[in-house]
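In listed order, ligands and their atoms are each counted from 1. Quantities reported herein were computed from a predicted structural model and do not represent experimental measurements.
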Amino acid sequence: MTDAVTIGTAGHIDHGKTALVRALTGVDLDRLPEERARGITIELGFAALELGGGEDEPAAAVRAGLVDVPGHERFVRTMLAGAAAIDVGLLVVAADDGVMPQTREHLAILDLLGVRHGVVALAKCDLAEPDWRELVEADLREVLAGTTLADAPVIPTSARRGEGIEALRHALAAAATAAAADRRHAVADEPFRLMIDRSFALTGRGTVVTGTAASGSVAVGDVLEVHPGDRTVRVRELHVHGRTQDRVERGGRVAIALAGVHHTEIARGDELTSPGAVRDGAMLAVRLRMLPGAPRPLRPRERVRLHLGTAVRSARVRLLDAPALEPGGEGLALLAIDGPVPAIHGQPFVIRAESPALTLGGGAVLVAASRPIRRSAEAGVARVRALAEAVEAERLHAALAIRGERRIPATAPWTDAGLAGEDAATAMAGLGQRGDVVLADDAKPVHAATLESWTGAVLVALARHHREHALSAGMPRDQLATAPAVRRVAEGDLPWVVGRTIADGRVREAGGGRLALAGFEPDLTPRHRTIRTRLLEAYREAGFRPPDPPVAAGPEARRADVDAMMRLCVSEGDLVHLGGGTYLDADHERALRDRVRGHLTAETATEGLTMSGLRILLDTTRKHAVPFGEYLDRIGVTRRRGDVRVLVDG
Ligand SMILES: Nc1nc2c(ncn2[C@@H]2O[C@H](COP(=O)(O)OP(=O)(O)OP(=O)(O)O)[C@@H](O)[C@H]2O)c(=O)[nH]1
Ligand SMILES: [Mg+2]
């Protein structure tokens with residue numbers, strides 16, 4: 001048994017898709033009463049299909065999941081959800097009816113989604129004369145030419161008579177084997193992504209979602225993210241076609257029982273991913289291709305339906321290369337979406353006109369940006385071009401810049417740039433050598449421009465502080481963290497950013513946990529300095545009998561200067577304001593707390609400290625003991641109990 005692959009049907013309404021699935025698997029997927037009554041498929045159907053190996057490798061059996069889609073033109077969006085993560089397309093064309101509109105549209109969708117492996121079933125051959133069948137086949141070859149299914153085998157079948165079914169099974173096995181081999185070339189450490197097509201509640205199991213695992217693998221107990229959004233969930237159980245498994249590799253049709261989410265909080269269009277692997281963006285930069293058969297050009301700023309994974313969103317297209325895009329044309333574009341969607345570099349998408357609903361084109365995502373990229377902003381557009389065209393290191397450079405000022409998970413920019421494994425490491429090292437990328441203290445990459453803007457924010461905040469507090473030695477570090485200019489720096493990164501500015505000499509430590517710009521000196525006149533020195537000396541000498549500030553400063557000092565210097569001494573941490581007009585030297589304030597605590601924890605002190613007890617303990621006057629006591633209550637060292645103060649527990 002080798003890799004699981006997913007096969008998806010495609011084709012015009014009533015051409016016999018569901019009948020062929022039944023012939024191949026024995027399962028009738030048209031189960032809904034309305035499907036039975038109208039004889040059409042409305043919802044996606046799923047079945048397991050065991051395939052022998054292809055003709056080259058008969059021993060290698062391939063296990064496939066089969067998604068059966070509706071052909072009705074009104075359900076193309078359902079078809080798109082079903083085709084979101086398939087590996088092999090099974091295009092069904094009725095021999096009696098021939099190529100019809102949804103034959104072309106479904107084929108175009110498989111082509112746009114990059115489905116490279118396929119089989120064409122010529123169905124209902126019992127209803128077509130051989131001559132007619134030949135005409136249909138010739139027509140079909142023409143339609144297939146130039147698409148990803150150009151070389152797909154065409155297998156004549158009749159589900160009614162059971163003819164051609166084994167040949168079809170063989171052709172599917174060969175295509176599935178080829179798809180599985182493709183897979184093995186892909187990267188091993190890619191993140192898990194499941195595009196959800198259903199969410200429901202199952203008695204005893206809670207929330208269950210189903211979908212196709214587009215990449216990576218998942219195991220029971222894993223924590224996953226739900227996108228869009230930031231909710232995390234835990235995998236309770238994994239099922240593949242009714243069988244419980246401990247682990248599921250990509251390509252499988254999976255049902256996952258989840259803990260941590262109600263089934264109504266998750267829906268078709270959402271995605272389950274490994275933590276941090278995928279990012280939501282309300283703007284996608286894309287490479288866009290119009291179908292050659294599109295009925296008209298894409299209009300400037302046209303609003304379209306965006307089909308991405310299993311999601312459908314409304315989006316406005318902004319073309320970057322030309323005002324309009326002709327059928328068959330190709331160019332770069334920005335898609336402004338009505339809300340965030342998860343997407344990664346290289347992910348295929350399809351756009352359809354709003355009305356009448358028809359497929360216009362599609363392409364591949366370059367990047368999902370969480371902040372708008374403006375058409376008019378040259379730098380932003382240049383980055384998009386770099387992501388589309390440039391060599392690896394440049395792509396990474398552009399991806400990091402577009403990520404912008406938010407913290408980047410270590411692997412994310414690689415995914416953004418469509419890089420993995422050694423290619424990613426080499427590109428990153430190259431950028432590091434050029435100085436375009438800096439590794440933070442936790443080894444996470446930060447774009448040099450991002451670091452520059454963070455550094456700028458710190459310098460601006462310090463400069464503003466110096467302007468507003470010209471007498472202060474510098475800005476306390478904790479004030480810096482909450483300064484408006486600095487809020488865009490991720491919190492955990494601030495010490496690192498500040499450390500770099502100190503190391504490169506742009507900022508210095510100004511004592512008492514303060515920071516100052518290198519060239520800054522507090523703007524003190526000689527008169528200020530004299531007053532400050534006098535105040536500090538007076539409070540130091542006075543101990544627990546502190547003077548009034550004007551007295552401490554001396555009769556010749558101006559009141560305004562004394563007030564300014566008192567504020568400075570407090571803000572620098574040399575004096576502590578106890579309340580009212582009472583200040584203490586910082587060391588004495590510490591001694592005050594220590595002495596009272598020591599006294600009240602001593603074995604001799606059981607009944608607390610009275611006001612006169614406090615006065616004696618500190619060898620001070622009643623005038624000072626009162627504010628000291630109130631201060632100790634206020635900062636939570638003591639509390640009043642009747643006439644005495646007792647220690648606050650802990
Ligand atoms: N004569 C004949 N009729 C067939 C054959 N296969 C399917 N049919 C009939 O064609 C009709 C449509 O078949 P479905 O398999 O439901 O077609 P479908 O492509 O799944 O249709 P949608 O899902 O609605 O797009 C049914 O009435 C089938 O019985 C066949 O090989 N021969
Ligand atoms: Mg059907």
Q: Provide, to 0.1 Å, the distance between atom 8 (N) of ligand 1 and the closest protein heavy atom, together with that atom's residue and name.
A: Lys124 CE, 3.6 Å
Q: Could you check atom 27 (O) of ligand 1 against the protein and tell me its nearest heavy-atom contact, residue, atom and distance included?
A: Arg160 NH2, 5.0 Å
Q) What's the shortest distance from atom 1 (N) of ligand 1 to any protein heavy atom, and which residue and atom give it? A) Asp126 OD2, 2.9 Å
Q) So does Arg231 pair up with Glu265, basic N to acidic O under 4.0 Å? A) yes
Q. Identify the closest protein heavy atom to atom 12 (C) of ligand 1: which residue and atom is it, and at what distance?
A. Asp14 OD1, 3.1 Å
Q) So which heavy atom in the protein is nearest atom 23 (O) of ligand 1, and how far is it from that ligand atom? A) Thr41 OG1, 2.6 Å
Q. Is a side-chain N or O of Thr25 found less than 3.5 angstrom from the main chain of Leu49, in a donor-acceptor match?
A. no
Q) Which ligand 1 atoms does Ala19 reach within 4.0 Å, using its non-hydrogen atoms? A) 6 (N), 7 (C), 15 (O)
Q. To which protein heavy atom is atom 31 (O) of ligand 1 closest, and what is the distance rounded to 0.1 Å?
A. Ala159 N, 2.9 Å
Q | Arg169/Glu50 salt bridge by N-O under 4.0 Å criterion | A | no
**Q.** Ion pair check, Asp30 and Lys17, cut-off under 4.0 Å
**A.** no
Q: State whether the side chain of Thr232 and the backbone N or O of Leu224 hold a donor-acceptor pair below 3.5 Å, judged by distance alone.
A: no
Q: Answer yes or no: is there a donor N or O on one side and an acceptor on the other, between the side chain of Arg268 and the main chain of Asp197, under 3.5 Å?
A: yes
Q: Examine Thr18 and say whether one of its N/O/S atoms is closer to the Mg ion (ligand 2) than 2.8 Å.
A: yes
Q.
For atom 18 (P) of ligand 1, what's the nearest protein heavy-atom neighbour? Residue, atom name and distance, please.
A. Lys17 N, 3.5 Å
Q | Per atom 20 (O) of ligand 1, closest listed option by heavy atom (Asp28, Ile165, Thr18) | A | Thr18
Q: Output the list of atoms in ligand 1 that are nearer than 4.0 Å to some heavy atom of Ile40, sorted by atom number.
A: 24 (O)
Q | Closest protein heavy atom (residue, atom, distance) for atom 14 (P) of ligand 1 | A | Gly16 CA, 3.8 Å
Q: Report yes if some N/O of Gly11 lies less than 3.5 Å from some N/O of ligand 1; otherwise report no.
A: no
(Q) Any salt bridge linking Arg38 with Glu34? Criterion: basic side-chain nitrogen under 4.0 Å from a carboxylate oxygen. (A) yes
(Q) Need the ligand 1 atom indices (1-based, order shown) with element for anything under 4.0 Å from a heavy-atom of Leu127. (A) 1 (N)
Q: Take every heavy atom of Ser158, measure it against each atom of ligand 1, and state whether any distance is under 4.0 Å.
A: yes
**Q.** Lys/Arg N to Asp/Glu carboxylate O, Arg289 vs Asp111, below 4.0 Å
**A.** yes
Q: Answer yes or no: is there an ion pair linking Arg193 with Glu225, defined by an N-O contact shorter than 4.0 Å?
A: no
**Q.** Cationic N near anionic O, under 4.0 Å, Asp338 to Arg313
**A.** yes
